[in-house]
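All values below come from the heavy atoms of this structure, side chains included, with hydrogens, waters and symmetry mates left out.
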Amino acid sequence: MSARALMILGTASHVGKSLVTAGLGRIFSDEGIRVAPFKAQNMSLNSAATPDGREIGRAQALQAEACRVAPCAEMNPILIKPSSDTGSQVVLLGRVWGQVTASDYHQRRVEDLFPAVLESYRTLAARHDLMLLEGAGSPAEINLRKHDIVNMRMAHAANAACLLVGDIDRGGVFAALLGTMELLEPEDRARIRGFVINKFRGDVELLRPGVEMMEQRLGTPCVGVVPFLRDLGLEEEDGVAMDDRRTARHVWHDAENATGNAASPERPLRVGVIAVPHMANFTDFDALAAEPSVSLAFLDDSADVCLADVLILPGSKQTLDDLLWIHERRFAHCLATYPGLLIGICGGFQMLGLSIEDPSGVESGGLPRTMAGLGQLPVRTLMRDQKTVRRATGRARLWDAPSFSGYEIHMGETLYDNGAEPFAEILREGEQQPTLDGAVASSGRVWGTYIHGLFDDDAFRHRFLHCARRTCGLAPAFRHVCVTAERQARIDRWAGHLRQSLDMTMIHELTPKSRANL
(Lines give C-alpha, C1' and ligand atoms only; values in the text may rest on other atoms or scores of the structure.)
Protein backbone atom coordinates (compact mmCIF):
# COMPACT_ATOMS: atom_id res chain seq x y z
CA MET A 1 0.00 0.00 0.00
CA SER A 2 1.36 3.40 -0.95
CA ALA A 3 1.66 6.15 1.65
CA ARG A 4 -1.12 8.62 2.29
CA ALA A 5 -0.46 11.95 0.61
CA LEU A 6 -1.05 15.60 1.51
CA MET A 7 -0.03 18.32 -0.92
CA ILE A 8 0.70 21.97 -0.08
CA LEU A 9 -0.13 24.29 -2.98
CA GLY A 10 0.14 28.06 -3.12
CA THR A 11 -1.57 30.95 -4.82
CA ALA A 12 1.88 32.19 -5.93
CA SER A 13 5.59 31.80 -5.27
CA HIS A 14 6.89 32.72 -1.82
CA VAL A 15 3.56 32.45 -0.01
CA GLY A 16 5.10 30.02 2.49
CA LYS A 17 4.54 26.59 0.92
CA SER A 18 8.01 25.31 1.78
CA LEU A 19 7.91 26.34 5.42
CA VAL A 20 4.34 25.13 5.91
CA THR A 21 5.44 21.77 4.49
CA ALA A 22 8.45 21.70 6.83
CA GLY A 23 6.34 22.59 9.86
CA LEU A 24 3.76 19.94 9.09
CA GLY A 25 6.58 17.43 8.65
CA ARG A 26 7.80 18.10 12.18
CA ILE A 27 4.24 17.90 13.57
CA PHE A 28 3.61 14.51 11.93
CA SER A 29 7.04 13.26 12.97
CA ASP A 30 6.28 14.27 16.56
CA GLU A 31 3.15 12.13 16.30
CA GLY A 32 5.23 9.08 15.38
CA ILE A 33 4.23 9.09 11.71
CA ARG A 34 6.90 8.10 9.19
CA VAL A 35 6.69 11.15 6.95
CA ALA A 36 8.84 12.40 4.05
CA PRO A 37 8.81 15.49 1.80
CA PHE A 38 8.54 15.44 -1.98
CA LYS A 39 8.72 18.15 -4.63
CA ALA A 40 8.65 16.81 -8.18
CA GLN A 41 10.35 19.84 -9.68
CA ASN A 42 12.02 22.76 -7.99
CA MET A 43 13.44 25.88 -9.63
CA SER A 44 16.05 27.35 -7.34
CA LEU A 45 19.69 28.38 -7.11
CA ASN A 46 19.68 27.38 -3.43
CA SER A 47 20.70 23.73 -3.23
CA ALA A 48 22.09 21.27 -0.73
CA ALA A 49 24.21 18.13 -0.85
CA THR A 50 22.79 14.78 0.25
CA PRO A 51 24.90 12.26 2.20
CA ASP A 52 25.56 10.28 -1.00
CA GLY A 53 26.78 13.31 -2.94
CA ARG A 54 23.61 14.29 -4.81
CA GLU A 55 22.13 17.75 -5.21
CA ILE A 56 18.59 18.76 -4.21
CA GLY A 57 16.75 21.97 -3.45
CA ARG A 58 17.69 23.45 -0.10
CA ALA A 59 14.02 23.67 0.88
CA GLN A 60 13.65 19.90 0.55
CA ALA A 61 16.76 19.37 2.68
CA LEU A 62 15.18 21.54 5.40
CA GLN A 63 11.91 19.63 5.09
CA ALA A 64 13.72 16.30 5.44
CA GLU A 65 15.41 17.63 8.58
CA ALA A 66 12.02 18.67 9.93
CA CYS A 67 10.67 15.17 9.18
CA ARG A 68 13.74 13.68 10.91
CA VAL A 69 14.80 11.70 7.82
CA ALA A 70 17.98 11.83 5.78
CA PRO A 71 17.68 13.94 2.61
CA CYS A 72 17.88 12.03 -0.67
CA ALA A 73 17.65 12.83 -4.35
CA GLU A 74 14.22 11.21 -4.68
CA MET A 75 12.74 14.00 -2.54
CA ASN A 76 13.45 16.48 -5.34
CA PRO A 77 13.98 14.44 -8.52
CA ILE A 78 14.16 17.48 -10.82
CA LEU A 79 16.05 20.60 -9.80
CA ILE A 80 16.11 23.43 -12.33
CA LYS A 81 18.92 25.97 -11.88
CA PRO A 82 18.35 29.05 -14.07
CA SER A 83 21.38 30.25 -16.02
CA SER A 84 19.59 33.00 -17.97
CA ASP A 85 16.08 34.36 -18.52
CA THR A 86 15.37 31.55 -21.01
CA GLY A 87 17.84 28.75 -20.17
CA SER A 88 18.54 26.46 -17.22
CA GLN A 89 20.66 23.58 -16.03
CA VAL A 90 18.53 20.54 -15.24
CA VAL A 91 19.61 18.31 -12.35
CA LEU A 92 17.95 14.88 -12.45
CA LEU A 93 18.11 12.72 -9.33
CA GLY A 94 20.96 14.82 -8.02
CA ARG A 95 23.15 14.74 -11.15
CA VAL A 96 23.49 17.23 -13.99
CA TRP A 97 21.25 16.01 -16.82
CA GLY A 98 21.68 18.83 -19.31
CA GLN A 99 21.17 22.43 -20.32
CA VAL A 100 17.80 23.34 -21.84
CA THR A 101 15.79 26.33 -22.93
CA ALA A 102 12.54 27.05 -21.13
CA SER A 103 10.56 26.35 -24.28
CA ASP A 104 12.24 23.00 -24.98
CA TYR A 105 11.87 21.89 -21.36
CA HIS A 106 8.17 22.68 -21.02
CA GLN A 107 7.14 21.46 -24.46
CA ARG A 108 9.18 18.28 -24.68
CA ARG A 109 11.73 17.41 -22.02
CA VAL A 110 9.34 17.48 -19.09
CA GLU A 111 7.45 14.50 -20.52
CA ASP A 112 10.71 12.57 -20.91
CA LEU A 113 11.55 13.13 -17.25
CA PHE A 114 8.16 12.55 -15.63
CA PRO A 115 8.62 8.74 -15.40
CA ALA A 116 11.69 9.34 -13.21
CA VAL A 117 9.57 11.62 -11.03
CA LEU A 118 6.94 8.92 -10.56
CA GLU A 119 9.55 6.27 -9.80
CA SER A 120 11.12 8.56 -7.18
CA TYR A 121 7.75 9.05 -5.55
CA ARG A 122 7.06 5.30 -5.52
CA THR A 123 10.42 4.67 -3.87
CA LEU A 124 9.72 7.14 -1.05
CA ALA A 125 6.05 6.22 -0.63
CA ALA A 126 6.96 2.57 -0.13
CA ARG A 127 9.09 3.52 2.90
CA HIS A 128 6.78 6.00 4.62
CA ASP A 129 3.30 6.31 6.07
CA LEU A 130 2.65 9.83 4.82
CA MET A 131 4.06 11.87 1.95
CA LEU A 132 4.07 15.67 2.12
CA LEU A 133 4.13 17.02 -1.41
CA GLU A 134 4.92 20.64 -2.20
CA GLY A 135 3.72 22.39 -5.33
CA ALA A 136 5.55 25.14 -7.19
CA GLY A 137 4.42 28.66 -7.91
CA SER A 138 0.70 28.44 -8.56
CA PRO A 139 -1.30 25.45 -9.87
CA ALA A 140 -3.34 27.96 -11.91
CA GLU A 141 -0.62 28.88 -14.42
CA ILE A 142 -2.97 28.08 -17.27
CA ASN A 143 -0.35 28.63 -19.96
CA LEU A 144 1.80 25.86 -18.45
CA ARG A 145 -0.91 23.46 -17.24
CA LYS A 146 -0.54 20.94 -20.07
CA HIS A 147 3.03 20.07 -19.08
CA ASP A 148 2.94 20.99 -15.37
CA ILE A 149 4.29 17.97 -13.47
CA VAL A 150 4.80 19.55 -10.07
CA ASN A 151 1.27 20.65 -9.17
CA MET A 152 -2.03 19.01 -10.10
CA ARG A 153 -0.68 16.19 -12.27
CA MET A 154 1.43 15.06 -9.33
CA ALA A 155 -1.51 15.53 -6.96
CA HIS A 156 -3.63 13.17 -9.07
CA ALA A 157 -0.80 10.66 -9.42
CA ALA A 158 -0.30 10.53 -5.65
CA ASN A 159 -4.04 10.71 -4.88
CA ALA A 160 -3.22 13.64 -2.64
CA ALA A 161 -5.57 15.84 -0.72
CA CYS A 162 -4.47 19.44 -1.26
CA LEU A 163 -4.28 22.55 0.91
CA LEU A 164 -4.08 25.93 -0.82
CA VAL A 165 -1.91 28.54 0.94
CA GLY A 166 -2.32 32.28 0.40
CA ASP A 167 -0.08 35.09 1.70
CA ILE A 168 -2.11 37.92 3.26
CA ASP A 169 1.01 39.98 4.08
CA ARG A 170 1.40 41.04 0.43
CA GLY A 171 -2.28 41.92 0.08
CA GLY A 172 -5.08 40.54 -2.07
CA VAL A 173 -5.24 37.12 -0.45
CA PHE A 174 -8.98 36.61 -1.01
CA ALA A 175 -8.70 37.50 -4.69
CA ALA A 176 -5.69 35.18 -4.99
CA LEU A 177 -7.52 32.26 -3.39
CA LEU A 178 -10.69 32.77 -5.42
CA GLY A 179 -8.83 33.42 -8.66
CA THR A 180 -6.73 30.31 -8.24
CA MET A 181 -9.78 28.11 -7.67
CA GLU A 182 -11.69 29.67 -10.57
CA LEU A 183 -8.83 28.96 -12.99
CA LEU A 184 -8.52 25.29 -11.99
CA GLU A 185 -10.27 22.57 -13.95
CA PRO A 186 -13.17 20.91 -12.04
CA GLU A 187 -11.22 17.70 -11.38
CA ASP A 188 -8.31 19.75 -10.03
CA ARG A 189 -10.55 21.99 -7.92
CA ALA A 190 -12.05 18.89 -6.31
CA ARG A 191 -8.66 18.02 -4.83
CA ILE A 192 -8.45 21.29 -2.87
CA ARG A 193 -9.86 20.25 0.52
CA GLY A 194 -9.04 23.41 2.47
CA PHE A 195 -7.22 26.73 2.39
CA VAL A 196 -4.75 28.42 4.70
CA ILE A 197 -4.16 32.15 5.14
CA ASN A 198 -0.51 32.70 5.98
CA LYS A 199 1.54 35.59 7.45
CA PHE A 200 -1.40 37.37 9.10
CA ARG A 201 -0.80 40.50 11.20
CA GLY A 202 -3.58 42.02 13.28
CA ASP A 203 -6.87 41.08 14.91
CA VAL A 204 -8.16 37.79 13.52
CA GLU A 205 -11.74 38.80 14.42
CA LEU A 206 -11.56 41.54 11.78
CA LEU A 207 -10.57 38.89 9.24
CA ARG A 208 -13.31 36.44 10.14
CA PRO A 209 -16.12 37.85 7.92
CA GLY A 210 -13.85 37.57 4.88
CA VAL A 211 -12.87 34.03 5.80
CA GLU A 212 -16.51 32.99 6.18
CA MET A 213 -17.45 34.57 2.86
CA MET A 214 -14.50 32.83 1.19
CA GLU A 215 -15.57 29.47 2.62
CA GLN A 216 -19.01 29.99 1.09
CA ARG A 217 -17.68 31.13 -2.28
CA LEU A 218 -15.14 28.30 -2.54
CA GLY A 219 -17.19 25.59 -0.86
CA THR A 220 -13.97 24.76 0.96
CA PRO A 221 -13.15 25.19 4.66
CA CYS A 222 -10.43 27.42 6.07
CA VAL A 223 -7.98 25.10 7.81
CA GLY A 224 -6.32 27.94 9.67
CA VAL A 225 -5.00 31.49 9.80
CA VAL A 226 -1.26 31.50 10.54
CA PRO A 227 0.00 34.67 12.26
CA PHE A 228 3.21 36.22 10.99
CA LEU A 229 6.13 34.82 13.01
CA ARG A 230 9.14 37.08 13.42
CA ASP A 231 12.77 35.98 13.59
CA LEU A 232 12.03 32.44 12.52
CA GLY A 233 15.62 31.89 11.37
CA LEU A 234 14.90 29.16 8.82
CA GLU A 235 16.11 29.57 5.25
CA GLU A 236 13.89 30.98 2.55
CA GLU A 237 12.43 28.76 -0.13
CA ASP A 238 13.85 30.38 -3.26
CA GLY A 239 15.38 33.40 -4.91
CA VAL A 240 12.14 35.38 -4.64
CA ALA A 241 13.21 36.04 -1.06
CA MET A 242 16.11 38.10 -2.39
CA ASP A 243 13.57 40.82 -3.21
CA ASP A 244 13.15 41.38 0.52
CA ARG A 245 16.86 41.71 1.28
CA ARG A 246 17.92 45.22 1.96
CA THR A 247 20.74 47.03 0.22
CA ALA A 248 23.61 48.90 1.86
CA ARG A 249 21.81 52.20 1.42
CA HIS A 250 19.01 50.98 3.68
CA VAL A 251 21.07 48.92 6.12
CA TRP A 252 24.15 51.08 6.68
CA HIS A 253 23.30 54.59 5.59
CA ASP A 254 19.91 54.89 7.26
CA ALA A 255 20.71 53.01 10.47
CA GLU A 256 23.99 54.76 11.22
CA ASN A 257 22.69 58.18 10.26
CA ALA A 258 19.78 57.62 12.63
CA THR A 259 21.85 56.37 15.56
CA GLY A 260 25.04 58.35 14.99
CA ASN A 261 27.18 55.32 15.87
CA ALA A 262 29.24 55.05 12.67
CA ALA A 263 32.52 55.74 14.49
CA SER A 264 31.82 53.72 17.63
CA PRO A 265 34.00 50.61 18.20
CA GLU A 266 30.85 48.84 19.40
CA ARG A 267 29.06 49.37 16.09
CA PRO A 268 28.09 46.34 13.99
CA LEU A 269 30.61 44.87 11.59
CA ARG A 270 29.51 45.92 8.10
CA VAL A 271 29.48 42.84 5.86
CA GLY A 272 28.73 43.43 2.19
CA VAL A 273 27.75 40.60 -0.16
CA ILE A 274 28.14 41.59 -3.81
CA ALA A 275 24.76 40.85 -5.38
CA VAL A 276 25.87 39.23 -8.63
CA PRO A 277 22.95 38.50 -10.98
CA HIS A 278 23.31 34.70 -10.82
CA MET A 279 23.96 34.40 -7.08
CA ALA A 280 23.65 30.82 -5.85
CA ASN A 281 23.04 29.67 -2.28
CA PHE A 282 22.48 33.15 -0.85
CA THR A 283 21.38 31.34 2.32
CA ASP A 284 25.11 30.98 3.06
CA PHE A 285 24.85 34.38 4.78
CA ASP A 286 21.68 33.97 6.84
CA ALA A 287 23.59 32.99 9.96
CA LEU A 288 25.94 35.98 9.63
CA ALA A 289 22.98 38.30 9.20
CA ALA A 290 21.41 36.88 12.36
CA GLU A 291 24.37 37.97 14.51
CA PRO A 292 23.63 41.14 16.52
CA SER A 293 27.23 42.30 15.98
CA VAL A 294 26.81 42.20 12.17
CA SER A 295 25.06 44.51 9.74
CA LEU A 296 24.84 42.58 6.46
CA ALA A 297 23.78 44.11 3.16
CA PHE A 298 23.69 43.05 -0.48
CA LEU A 299 25.60 45.45 -2.70
CA ASP A 300 24.54 46.28 -6.24
CA ASP A 301 26.35 49.63 -6.37
CA SER A 302 30.16 49.63 -6.42
CA ALA A 303 30.13 53.01 -4.65
CA ASP A 304 29.11 51.17 -1.47
CA VAL A 305 32.23 48.96 -1.43
CA CYS A 306 34.20 51.53 0.56
CA LEU A 307 31.64 51.35 3.37
CA ALA A 308 32.12 47.63 4.03
CA ASP A 309 34.46 46.17 6.64
CA VAL A 310 34.15 42.73 5.01
CA LEU A 311 33.29 42.02 1.37
CA ILE A 312 32.05 38.63 0.17
CA LEU A 313 31.86 37.39 -3.40
CA PRO A 314 29.15 34.70 -3.22
CA GLY A 315 28.57 31.53 -5.19
CA SER A 316 27.38 31.89 -8.77
CA LYS A 317 25.50 29.70 -11.20
CA GLN A 318 27.14 31.53 -14.12
CA THR A 319 30.60 32.48 -12.87
CA LEU A 320 31.92 33.99 -16.10
CA ASP A 321 28.77 36.03 -16.69
CA ASP A 322 28.93 37.38 -13.15
CA LEU A 323 32.65 38.10 -13.46
CA LEU A 324 31.88 40.19 -16.54
CA TRP A 325 29.13 41.98 -14.58
CA ILE A 326 31.63 42.77 -11.81
CA HIS A 327 33.86 44.47 -14.36
CA GLU A 328 30.99 46.31 -16.05
CA ARG A 329 29.66 47.63 -12.73
CA ARG A 330 33.17 48.79 -11.69
CA PHE A 331 33.33 46.44 -8.71
CA ALA A 332 36.64 45.08 -10.03
CA HIS A 333 38.17 48.56 -9.95
CA CYS A 334 37.00 49.06 -6.34
CA LEU A 335 38.19 45.63 -5.22
CA ALA A 336 41.70 46.29 -6.54
CA THR A 337 42.24 48.92 -3.85
CA TYR A 338 39.85 47.63 -1.20
CA PRO A 339 41.64 47.61 2.21
CA GLY A 340 39.22 45.41 4.17
CA LEU A 341 38.70 41.66 4.39
CA LEU A 342 37.78 40.07 1.05
CA ILE A 343 36.25 36.59 0.88
CA GLY A 344 35.13 34.40 -2.02
CA ILE A 345 32.72 31.47 -1.68
CA CYS A 346 32.65 28.85 -4.46
CA GLY A 347 32.21 30.83 -7.70
CA GLY A 348 33.35 33.93 -5.83
CA PHE A 349 36.54 32.08 -4.92
CA GLN A 350 37.08 31.24 -8.58
CA MET A 351 36.63 34.91 -9.54
CA LEU A 352 39.29 36.01 -7.03
CA GLY A 353 41.91 33.94 -8.85
CA LEU A 354 44.15 34.77 -11.79
CA SER A 355 42.01 33.22 -14.52
CA ILE A 356 39.03 31.02 -15.33
CA GLU A 357 39.27 28.73 -18.36
CA ASP A 358 36.23 27.07 -19.90
CA PRO A 359 37.51 25.09 -22.90
CA SER A 360 34.35 22.99 -23.25
CA GLY A 361 31.94 25.91 -22.92
CA VAL A 362 30.43 24.57 -19.69
CA GLU A 363 29.39 28.07 -18.61
CA SER A 364 30.84 30.49 -21.11
CA GLY A 365 28.23 30.30 -23.89
CA GLY A 366 28.99 33.28 -26.10
CA LEU A 367 31.66 34.61 -23.73
CA PRO A 368 35.43 34.13 -24.22
CA ARG A 369 36.59 30.66 -23.18
CA THR A 370 39.27 32.22 -20.96
CA MET A 371 38.77 35.25 -18.73
CA ALA A 372 41.16 37.00 -16.39
CA GLY A 373 40.14 36.80 -12.77
CA LEU A 374 40.37 39.57 -10.19
CA GLY A 375 43.97 38.60 -9.42
CA GLN A 376 43.59 38.56 -5.64
CA LEU A 377 44.59 34.91 -5.15
CA PRO A 378 47.35 32.90 -6.93
CA VAL A 379 45.03 30.21 -8.32
CA ARG A 380 43.59 29.32 -11.73
CA THR A 381 40.29 27.55 -12.38
CA LEU A 382 39.57 25.07 -15.16
CA MET A 383 35.88 24.41 -15.79
CA ARG A 384 34.95 20.76 -16.27
CA ASP A 385 31.76 18.95 -17.27
CA GLN A 386 31.49 17.02 -13.99
CA LYS A 387 29.97 18.73 -10.97
CA THR A 388 31.49 18.17 -7.53
CA VAL A 389 28.79 17.59 -4.90
CA ARG A 390 30.06 16.51 -1.49
CA ARG A 391 29.52 17.17 2.17
CA ALA A 392 32.77 17.96 3.93
CA THR A 393 34.38 18.87 7.23
CA GLY A 394 37.57 20.84 7.59
CA ARG A 395 39.76 23.22 9.50
CA ALA A 396 40.94 26.61 8.23
CA ARG A 397 44.61 27.57 8.48
CA LEU A 398 43.79 31.08 9.69
CA TRP A 399 43.50 32.64 13.15
CA ASP A 400 43.51 29.33 15.02
CA ALA A 401 40.08 28.60 13.55
CA PRO A 402 37.98 25.71 14.86
CA SER A 403 36.79 22.95 12.55
CA PHE A 404 33.77 23.54 10.34
CA SER A 405 31.32 21.53 8.30
CA GLY A 406 29.61 22.36 5.01
CA TYR A 407 29.25 21.13 1.46
CA GLU A 408 30.66 21.58 -2.04
CA ILE A 409 28.48 22.14 -5.12
CA HIS A 410 30.53 23.45 -8.02
CA MET A 411 31.74 22.99 -11.54
CA GLY A 412 35.48 23.35 -12.13
CA GLU A 413 38.78 22.50 -10.55
CA THR A 414 41.05 25.15 -9.07
CA LEU A 415 44.82 24.75 -9.49
CA TYR A 416 47.46 26.40 -7.32
CA ASP A 417 50.23 28.56 -8.69
CA ASN A 418 53.66 28.44 -7.05
CA GLY A 419 53.57 29.84 -3.56
CA ALA A 420 49.78 29.57 -3.16
CA GLU A 421 48.60 28.68 0.31
CA PRO A 422 45.37 26.69 0.81
CA PHE A 423 42.65 28.08 3.02
CA ALA A 424 41.78 24.77 4.66
CA GLU A 425 42.27 21.04 4.75
CA ILE A 426 38.97 19.21 4.27
CA LEU A 427 37.71 15.65 4.40
CA ARG A 428 34.91 14.89 1.99
CA GLU A 429 32.18 12.51 3.10
CA GLY A 430 32.85 9.02 1.78
CA GLU A 431 36.58 9.63 1.21
CA GLN A 432 39.46 8.44 3.36
CA GLN A 433 42.13 11.01 2.55
CA PRO A 434 41.92 14.75 3.23
CA THR A 435 42.36 17.27 0.45
CA LEU A 436 43.20 20.95 0.22
CA ASP A 437 40.53 23.58 -0.26
CA GLY A 438 40.53 27.23 -1.23
CA ALA A 439 43.38 29.68 -0.98
CA VAL A 440 44.54 32.54 1.21
CA ALA A 441 46.66 35.54 0.23
CA SER A 442 50.00 36.06 1.96
CA SER A 443 48.54 39.05 3.80
CA GLY A 444 45.72 36.92 5.20
CA ARG A 445 43.35 39.69 4.12
CA VAL A 446 41.93 37.76 1.14
CA TRP A 447 40.75 34.16 1.18
CA GLY A 448 38.42 31.88 -0.70
CA THR A 449 36.85 28.46 -0.30
CA TYR A 450 34.59 26.04 -2.15
CA ILE A 451 32.70 25.20 1.04
CA HIS A 452 29.14 26.43 1.30
CA GLY A 453 27.58 26.68 4.73
CA LEU A 454 30.75 27.19 6.77
CA PHE A 455 29.25 30.34 8.33
CA ASP A 456 26.37 28.18 9.55
CA ASP A 457 28.85 26.51 11.91
CA ASP A 458 28.56 28.42 15.18
CA ALA A 459 32.12 27.95 16.45
CA PHE A 460 33.68 28.88 13.11
CA ARG A 461 31.43 31.91 12.63
CA HIS A 462 32.05 33.25 16.14
CA ARG A 463 35.82 32.93 15.75
CA PHE A 464 35.68 34.60 12.33
CA LEU A 465 33.68 37.52 13.73
CA HIS A 466 36.05 37.93 16.66
CA CYS A 467 39.06 38.18 14.34
CA ALA A 468 37.28 40.31 11.73
CA ARG A 469 36.14 42.84 14.33
CA ARG A 470 39.63 42.99 15.84
CA THR A 471 41.20 43.49 12.40
CA CYS A 472 38.77 46.35 11.73
CA GLY A 473 39.52 48.03 15.06
CA LEU A 474 36.15 47.19 16.55
CA ALA A 475 35.36 45.98 20.04
CA PRO A 476 34.58 42.28 20.60
CA ALA A 477 31.00 41.22 19.94
CA PHE A 478 28.82 41.73 22.99
CA ARG A 479 26.66 38.72 22.15
CA HIS A 480 26.58 35.78 19.74
CA VAL A 481 23.73 33.66 18.44
CA CYS A 482 23.99 29.89 18.17
CA VAL A 483 22.21 29.13 14.92
CA THR A 484 23.33 25.50 14.69
CA ALA A 485 22.49 24.71 18.29
CA GLU A 486 19.15 26.51 18.03
CA ARG A 487 18.12 25.06 14.65
CA GLN A 488 16.03 22.20 16.01
CA ALA A 489 14.43 24.58 18.48
CA ARG A 490 13.56 26.91 15.60
CA ILE A 491 11.92 24.07 13.68
CA ASP A 492 10.04 23.05 16.83
CA ARG A 493 8.98 26.66 17.41
CA TRP A 494 7.59 26.89 13.88
CA ALA A 495 5.84 23.54 14.20
CA GLY A 496 4.30 24.64 17.50
CA HIS A 497 3.14 27.86 15.88
CA LEU A 498 1.45 25.91 13.08
CA ARG A 499 -0.05 23.41 15.51
CA GLN A 500 -1.78 26.27 17.31
CA SER A 501 -2.89 27.96 14.07
CA LEU A 502 -4.13 25.03 12.00
CA ASP A 503 -6.99 22.61 12.57
CA MET A 504 -4.84 19.49 12.76
CA THR A 505 -7.88 17.26 13.31
CA MET A 506 -9.25 18.42 9.98
CA ILE A 507 -5.89 17.96 8.29
CA HIS A 508 -5.66 14.37 9.56
CA GLU A 509 -9.15 13.70 8.22
CA LEU A 510 -8.22 15.12 4.79
CA THR A 511 -5.46 12.66 3.99
CA PRO A 512 -6.92 9.73 2.04
CA LYS A 513 -5.91 6.20 2.92
CA SER A 514 -6.44 4.78 -0.57
CA ARG A 515 -3.72 3.69 -2.97
CA ALA A 516 -2.04 6.33 -5.11
CA ASN A 517 -2.81 6.41 -8.81
CA LEU A 518 0.66 5.21 -9.79
Does one side chain, of [X] or [Y], offer a donor that lies under 3.5 Å from an acceptor on the other?
X	Y	result
Gln63	Arg26	no
Lys387	Gln89	yes
His410	Gln350	no
Lys81	Ser44	no
Ser29	Arg68	yes
His156	Asp188	yes
Glu74	Thr123	no
Thr435	Arg428	no
Asn281	Asp284	no
His452	Glu408	no

What's the verdict on side chain to side chain contact (heavy atoms under 4.5 Å, CB included) for Val117 and Phe114, showing C-alpha distance, side-chain angles and the deciding distance? CA-CA 5 Å; Val117 170; Phe114 192 50; 3.9 Å; yes

Taking atom [atom1] of [X] as the centre, report whether more than 12 heavy atoms of other residues, nucleotides or ligands fall under 6.0 Å from it.
X	atom1	answer
Arg95	CZ	yes
Arg201	CZ	yes
Gln488	CD	yes

Main chain of [Y], side chain of [X]: is a donor-acceptor contact present, judged purely on distance under 3.5 Å?
X	Y	value
Asn42	Asn76	no
Arg191	Ala161	no
Glu134	Lys39	no
Ser293	Glu291	no
Arg193	Ala190	yes

Mind checking ring-ring contact (aromatic ring centres under 6.0 Å, His included) for His278 and listing every partner two or more places apart, or none if nothing turns up?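 Expected list: none.
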
Contact summary for Leu498 and Leu19, nearest pair of heavy atoms: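 So the two residues come closest at CD1-O, 4.4 Å.
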
Any salt bridge linking [X] with [Y]? Criterion: basic side-chain nitrogen under 4.0 Å from a carboxylate oxygen.
X	Y	result
Asp30	Arg499	yes
Asp169	Lys199	no
Asp167	Arg170	yes
Glu429	Arg390	no
Glu65	Arg487	yes
Arg145	Glu187	yes
Glu111	Arg153	yes
Arg461	Asp286	no

Would you check, one step at a time, whether the test side chain to side chain contact (heavy atoms under 4.5 Å, CB included) holds for Thr393 with Ile426? CA-CA 5 Å; Thr393 57; Ile426 63 170; over 6 Å; no

Ring centres under 6.0 angstrom apart (Phe349, Tyr450):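 Yes, the ring centres sit under 6.0 Å apart.
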
Kindly assign one of parallel, tilted or perpendicular to the pair Trp447 and Phe460, based on the angle between their ring planes and the thresholds 30° and 60°.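 Taking Phe460 first and then Trp447, their aromatic rings stand perpendicular (interplane angle over 60°).
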
Could you tell me how the ring of Phe464 sits relative to the ring of Phe455: parallel (under 30°), tilted (30 to 60°) or perpendicular (over 60°)?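 Ring orientation of Phe464 relative to Phe455: tilted.
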
Can you list everything that forms a salt bridge (Lys or Arg N to Asp or Glu O under 4.0 Å) with Arg395? Sequence neighbours excluded, please.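 Not a single residue meets the salt bridge (Lys or Arg N to Asp or Glu O under 4.0 Å) criterion with Arg395.
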
In sequence, state the C-alpha distance, the side-chain angles, and the governing distance for Asp456 and Val483, and then conclude on side chain to side chain contact (heavy atoms under 4.5 Å, CB included). CA-CA 7 Å; Asp456 293 341; Val483 174; 5.6 Å; no

Out of Asp322, Val276, Leu45, which residue meets the side-chain contact (heavy atoms from CB on, under 4.5 Å) rule with Lys317?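 With Lys317 as partner, side-chain contact (heavy atoms from CB on, under 4.5 Å) holds for just one option, Leu45.
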
Side chains of Gln41 and Val110: does their closest heavy-atom pair fall under 4.5 Å?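 The answer is yes, as the side chains (C-beta and beyond) meet within the 4.5 Å cut-off.
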
Kindly determine whether Leu124 and Met75 satisfy side chain to side chain contact (heavy atoms under 4.5 Å, CB included), including the steps that lead there. CA-CA 8 Å; Leu124 286 174; Met75 294 173 180; 3.9 Å; yes

About how many Å separate CZ of Phe38 and OG of Ser120, when rounded to the nearest 0.5 Å?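 Between Ser120 OG and Phe38 CZ, I get 6.0 Å after rounding to 0.5 Å.
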
